[in-house]
Asker: 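Next up is a structure, given as structure tokens.
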Amino acid sequence: MRTERYNAREAERKWQATWDEKELFRTKNEDPRPKYYVLEMFPYPSGRIHMGHVRNYTMGDVVARYKRARGFNVLHPMGWDAFGMPAENAAMANKSHPAKWTYSNIATMRDQLKSMGLSLDWHREIATCDPSYYKHQQRMFVDFLAGGLIDRKTAKVNWDPVDQTVLANEQVIEGRGWRSGALVEQRELTQWFFKISDYAQDLNDALDRLERWPEKVRLMQKNWIGRSEGLSVRFALDKSNAPQGESEIEIYTTRPDTLFGASFIALAPEHPLSKMVAEKNPELNAFIDECRKMGTAQELIDKAEKKGFDTGLRVTHPFDPSWTLPVYVANFILMDYGTGAIFGCPAHDQRDFDFATAYRLPIKTVVCPPDQDPKTYSVGETPYDGDGKLCNSSFLDGLTIDAAKEEVAKRLEKESLNNEPVGTRKINFRLRDWGISRQRYWGCPIPVIHCESCGVVPVPIKDLPVKLPDDVTFDVPGNPLERHATWKHVDCPQCGKAARRETDTMDTFVDSSWYFARFTNPWIEDRPTERAVVDGWLPVNQYIGGIEHAILHLLYSRFFTRAMKKVGHAGVDEPFDGLFTQGMVVHETYRDKEGNWVTPAEIEIYNEGGERHAKLLSNGAPVDIGSIEKMSKSKRNTIDPDDIIGTYGADTARWFMLSDSPPERDVIWTEEGVQGAARFIQRLWRLVGDVSELKPADNAHDAAAEDAVITIRKAAHRAIIRVEEDLERLRFNRCVAHAYELANALQAELAVKKDKQVSPQWISAMQEACEFLIAIIAPMMPHLAEECWTALGHQSMIAEAAWPIADRSLIVENDIVLPIQINGKKRDELTISRQADNSSIEQAVLALESVKAALEGKAPKKIVIVPQRIVNVVV
RNA sequence: GCGGACAUGGCGAAACUGGUAGACGCAAGGGACUUAAAAUCCCUCGGUAGUAAUACUGUGCGGGUUCGAGUCCCGCUGUCCGCACCA
């Protein structure tokens with residue numbers, strides 16, 4: 001009997017070195033086996049890995065190792081999302097260079113990841129801040145520019161006053177910068193934009209085909225893209241006081257059915273017509289100014305009252321030349337949605353209702369709810385936006401909303417104003433173009449040159465990369481590239497005259513929008529991708545990461561892949577075939593009596609009166625146990641993965657990460673849970689030790705042993721089948737349960753046979769079962785699995801072994817146990833042959849004592865027999 | 001305001017298309033081994049009643065469909081998430 005404990009530290013170091021030496025996880029592009037690309041979202045090199053990384057990369061590694069065992073050529077790479085603000089902030093704080101900070105963090109984190117025993121192909125490692133990577137990104141920018149995928153335009157942009165840079169719409173969360181948390185202001189700037197809105201329709205429609213994506217993410221992207229079908233309607237302006245040359249206002253509406261309920265037109269303050277009128281109207285000018293000031297902080301917009309200004313202009317109703325409507329400038333109309341102008345129908349829209357109430361405009365009911373009389377119905381204090389039929393609407397009366405929309409569209413398409421149709425069907429999107437200019441140093445330089453005579457000139461491909469200069473300073477705010485003495489001064493590649501480099505760099509989300517493609521061949525130097533290879537590997541079969549990227553990174557990558565296809569750098573539209581969003585790692589929080597956060601390492605939990613309490617290790621002072629929160633530095637409830645791996649080993653950390661909660665849900669990190677995982681490792685090690693030392697007796701052969709052999713084999717084969725099913729669906733917590741179940745069964749069997757003579761057949765069944773168990777845990781606890789595999793006498797490694805083939809006939813029972821219900825409640829069980837037909841089942845059921853008692857001699861009303869499942873006797 | 005998800009023991013959770021509710025783990029309690037502790041092993045563990053077999057009850061609340069509902073339908077309540085003056 002073995003007594004020594006499993007030494008994780010030693011074994012893990014040993015096996016990691018062996019895998020490395022044999023280059024076991026090096027992936028060859030020319031390998032003929034079917035491909036499988038599994039990818040976890042690459043980390044930002046912030047300093048050290050955290051538990052969220054451990055969870056993410058463990059899940060990916062389980063998939064990679066499992067698919068490898070199933071005979072796939074698996075691509076499982078790792079890299080670094082290495083550009084970004086924190087490096088610049090660190091440079092400012094330490095008077096150092098962002099590159100130094102970044103590369104030193106990468107070195108630390110690479111070592112940490114390696115200590116987890118991940119089966120990664122480190123030969124393909126990339127860092128986005130490396131010129132050998134961003135060179136190709138600049139090449140693609142140039143290609144996109146030529147391909148009409150990029151715009152340079154002046155637009156109102158989101159300005160982050162803390163980070164001193166522009167943010168894309170997606171990067172503004174509740175009016176604040178996604179990184180700094182500062183209230184975002186609006187500024188007019190000339191910027192580079194990727195024309196993602198050209199792909200709005202396709203990005204929207206293709207979501208329906210992403211069947212292996214979470215419904216939630218698809219829905220979030222749909223909402224973000226915000227497709228709406230409507231009608232654009234041109235209202236004729238009353239010529240008497242219209243500005244010179246203006247004769248119409250075009251509005252956009254999704255409710256053309258309510259056109260007879262119109263009571264005003266409202267323009268955005270930035271609308272051209274508003275500006276024209278304001279030129280001659282100082283009061284309106286002041287109003288527009290006021291709106292602009294309001295617009296600088298999102299928070300104020302949310303709370304602002306509906307305010308408007310009557311321009312004095314009037315328009316004619318398209319269905320009634322004698323009916324005119326006033327034109328307002330209103331603070332709640334957005335210039336960049338639709339046409340920047342609306343018609344207001346107060347009876348059936350909350351905002352229009354508020355506005356009409358404030359300015360005493362008519363409120364005319366035109367939709368009548370199904371349960372009301374159209375002759376008498378009228379909206380009261382709240383507008384009605386539900387279903388119903390049209391009323392007070394001339395030829396639309398009695399039509400449903402949909403029919404009325406259709407009728408209005410049909411008629412207005414035929415009407416004409418200034419030789420154009422009055423109404424045009426239009427699909428609108430909420431999605432705006434992706435502004436990628438950032439006024440920062442630590443990013444990919446935008447490869448263009450501004451020349452006074454030639455205009456914007458792309459940097460010739462032979463001159464790429466445009467490298468960041470090393471000699472920069474961070475002592476003052478703003479962009480170091482802008483104030484660098486020489487960097488921006490270059491000659492125009494076209495005319496040779498003195499010109500100026502673009503000093504903006506690209507949004508770091510560009511970097512992560514194509515790294516998955518670069519991984520397929522990261523060595524190629526003259527192009528971003530090798531077409532045959534990238535098309536062979538993409539799409540990524542299984543992508544795993546946090547839900548926080550549901551819109552930003554995942555939407556940008558979907559766009560970028562399409563753009564790459566357009567200019568010939570890839571052949572697919574969708575980068576990720578399967579997406580999995582994992583939950584967070586959360587932990588209890590602790591505070592001392594002064595209310596200061598205390599780390600888990602500083603306290604001790606103890607039990608008193610059946611309740612959990614905590615005290616400080618240093619002086620025994622009591623500590624309050626607080627709510628369970630996402631691990632964060634500010635609440636000091638983090639656990640350092642290094643500490644766990646140092647104390648328990650990587651396998652313990654990996655096992656616990658997978659065991660406690662379903663992977664999409666948050667997992668609560670607890671010391672008890674970790675210890676449970678560590679306990680299981682030792683238990684498994686003892687079990688394997690016991691099995692490896694079994695010796696057969698010469699004459700041990702009895703009937704009971706035969707039964708035992710079947711029981712053992714059934715348990716083992718059933719476990720394999722279940723784990724296969726669950727791994728395919730990433731239900732790791734269930735896989736863990738199956739492993740426990742099999743281990744429990746084997747341990748119980750060993751205990752029964754302890755000190756008894758055992759047959760060779762029994763021993764080989766135990767050995768097979770043990771090997772199956774090791775195969776099951778191998779993707780999750782690879783080091784322990786190797787050690788056990790060796791202990792069972794194998795010369796090769798389990799990491800190279802094929803997945804066991806389960807014998808499905810073994811788990812088909814001859815006799816089945818049918819639960820017997822009486823009136824839907826379980827009352828008894830019946831063991832009967834699998835082949836038994838319904839009439840023999842019925843006979844056997846009626847013969848049961850419990851059923852006889854329930855029937856009291858009467859005949860049953862009904863007997864429901866569900867084959868192989870259940871019997872229900874209705875009395 | 002709009003859209004979505006979720007709700008099961010002391011806790012994390014299982015329950016495939018409606019078919020034995022609570023697998024597996026954690027915690028707790030009892031016992032064995034030990035001079036003792038740790039480790040390990042065995043037993044109990046939704047609630048109520050009972051020594052027990054057992055009975056009744058039980059998946060947020062109220063209804064419904066069904067031979068049968070944690071699962072499906074309708075209506076509530078609560079929690080979490082996303083979007084938010086989008087016409």
Side-chain angles (χ1 to χ4, degrees), chain A residues 3 5 173-175 214-217 219-224 226-228 230 251-255 258 266 268 298 301-306 330-334 336-345 349-352 354-355 385 428-432 547 550-551 607 610-612 656 659-662 664-668 670-677 679-680 682-683 686 722 725-726 729 731 733-744 747-748 751 754 817-829 860-866 868-875:
Chain A
T3 48
R5 290 170 63 78
I173 317 290
E174 285 173 358
E215 193 55 46
K216 182 186 166 79
V217 175
L219 198 76
M220 279 166 72
Q221 291 211 356
K222 281 227 156 166
N223 289 340
W224 187 264
R227 183 181 187 276
S228 75
I251 62 96
Y252 176 73
T253 179
T254 55
R255 291 296 303 274
T258 62
Q298 193 74 35
I301 296 175
D302 294 345
K303 289 174 187 144
E305 269 176 62
K306 309 262 168 300
N331 64 349
F332 64 95
I333 307 301
L334 306 171
D336 57 1
Y337 187 81
T339 59
I342 61 145
F343 86 80
C345 175
D349 181 282
Q350 184 66 53
R351 284 159 317 167
D352 297 349
D354 294 346
F355 192 82
D385 61 1
N428 241 305
F429 295 95
R430 212 188 71 110
L431 182 68
R432 302 271 75 89
I547 185 79
I551 295 168
N607 224 303
E611 278 179 45
R612 292 175 78 243
F656 177 60
S659 66
D660 231 36
S661 295
E664 69 279 5
R665 237 179 275 179
D666 291 351
V667 63
I668 306 170
T670 63
E671 183 62 23
E672 293 85 358
V674 177
Q675 283 170 1
R679 243 189 337 258
F680 180 62
Q682 296 301 338
R683 187 145 80 87
R686 283 194 304 272
R722 288 186 178 163
E725 284 169 5
D726 287 330
R729 297 164 72 171
R731 298 193 294 199
N733 56 322
R734 287 170 43 123
C735 296
V736 166
H738 301 323
Y740 271 111
E741 219 166 358
L742 181 55
N744 290 348
Q747 216 171 358
K754 196 171 192 277
V817 179
L818 282 179
I820 308 302
Q821 293 183 333
I822 290 165
N823 292 337
K825 288 199 171 154
K826 193 204 162 195
R827 283 292 178 269
D828 208 340
E829 281 178 351
K861 278 190 191 146
K862 190 173 179 182
I863 298 181
V864 182
I865 299 173
V866 184
Q868 321 281 320
R869 268 270 149 94
I870 203 163
V871 178
N872 190 10
V873 181
V874 186
V875 180

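Chain identifiers are assigned alphabetically (A, B, ...) following the order of the sequence lines, protein sequences preceding nucleic acid strands; residue numbering begins at 1 within each chain.
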Asker: At 4.0 Å (heavy atoms only), tell me whether A/Ile333 reaches a base, stays on the sugar-phosphate, or touches nothing.
Answerer: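 Base contact - A/Ile333 has a heavy atom under 4.0 Å of at least one base atom.
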Asker: Hey, does A/Asn428 reach any base, or is it just sugar-phosphate, or nothing, if we go heavy atoms under 4.0 Å?
Answerer: nothing
Asker: Just compare B/rU20, B/rA13, B/rA84 and give me whichever is closest to any side-chain atom of A/Trp224.
Answerer: B/rA84
Asker: Would you kindly give the NZ-to-C1' distance between A/Lys826 and B/rG58, to the nearest whole Å?
Answerer: 16 Å
Asker: Which nucleotide, in any strand shown, forms a Watson-Crick or G-U wobble pair with B/rC41, with both distances under 3.5 Å?
Answerer: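 Its partner is B/rG31.
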Asker: Start at the 5' end of RNA chain B and walk down; is the nucleotide closest to A/Val817 or to A/Asp352 reached first?
Answerer: A/Val817
Asker: Distance between the P atoms of B/rG50 and B/rU66, in whole angstroms?
Answerer: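 Between the two P atoms, the distance is 40 Å.
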Asker: Could you tell me how far B/rA7 sits from B/rA13 if I compare only their C1' atoms? Round to whole Å.
Answerer: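 Going atom to atom, C1' in each nucleotide, I get 14 Å.
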Asker: Under 4.0 Å: is that the gap between some side-chain N or O of A/Gln747 and OP1 or OP2 of B/rC41?
Answerer: yes
Asker: Judged by atom type as modelled, is there a donor-acceptor pair below 3.5 Å linking the side chain of A/Arg432 to the main-chain atoms of A/Asp336?
Answerer: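 Here the side-chain-to-backbone pair exists.
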Asker: With P as the reference atom in both, quote the distance from B/rG64 to B/rU59 in angstrom, rounded to an integer.
Answerer: 16 Å
Asker: Using a cut-off of less than 4.0 Å, is there contact between a side-chain N or O of A/Arg665 and OP1 or OP2 of B/rC80?
Answerer: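 A/Arg665 to B/rC80 OP1/OP2: no side-chain N or O under 4.0 Å.
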Asker: Determine: side-chain N/O of A/Arg5 to OP1/OP2 of B/rU40, distance under 4.0 Å, yes or no.
Answerer: no
Asker: Could you measure between the two P atoms, the one in B/rA28 and the one in B/rC76, and give it in whole Å?
Answerer: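 Going atom to atom, P in each nucleotide, I get 44 Å.
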Asker: Determine, for nucleotides 24-34 of chain B in 5'-to-3' order, which nucleotides have protein heavy atoms under 4.0 Å from the base (write B), from only the sugar-phosphate (write S), or from neither (write -).
Answerer: SSSSS------
Asker: For a quick test of reading the model: is some side-chain N or O of A/Lys825 closer than 4.0 Å to OP1 or OP2 of B/rU20?
Answerer: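 No.
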Asker: Between A/Asn872 (side chain) and A/Gly824 (backbone), is there a donor-acceptor pair under 3.5 Å?
Answerer: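 Yes; judged by distance alone, with no hydrogens or angles, the pair exists.
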Asker: For a side chain to side chain contact (heavy atoms under 4.5 Å, CB included) check, start with the C-alpha distance between A/Arg679 and A/Gln682, then their side-chain angles and the critical distance, and finish with the verdict.
Answerer: CA-CA 5 Å; A/Arg679 243 189 337 258; A/Gln682 296 301 338; over 6 Å; no
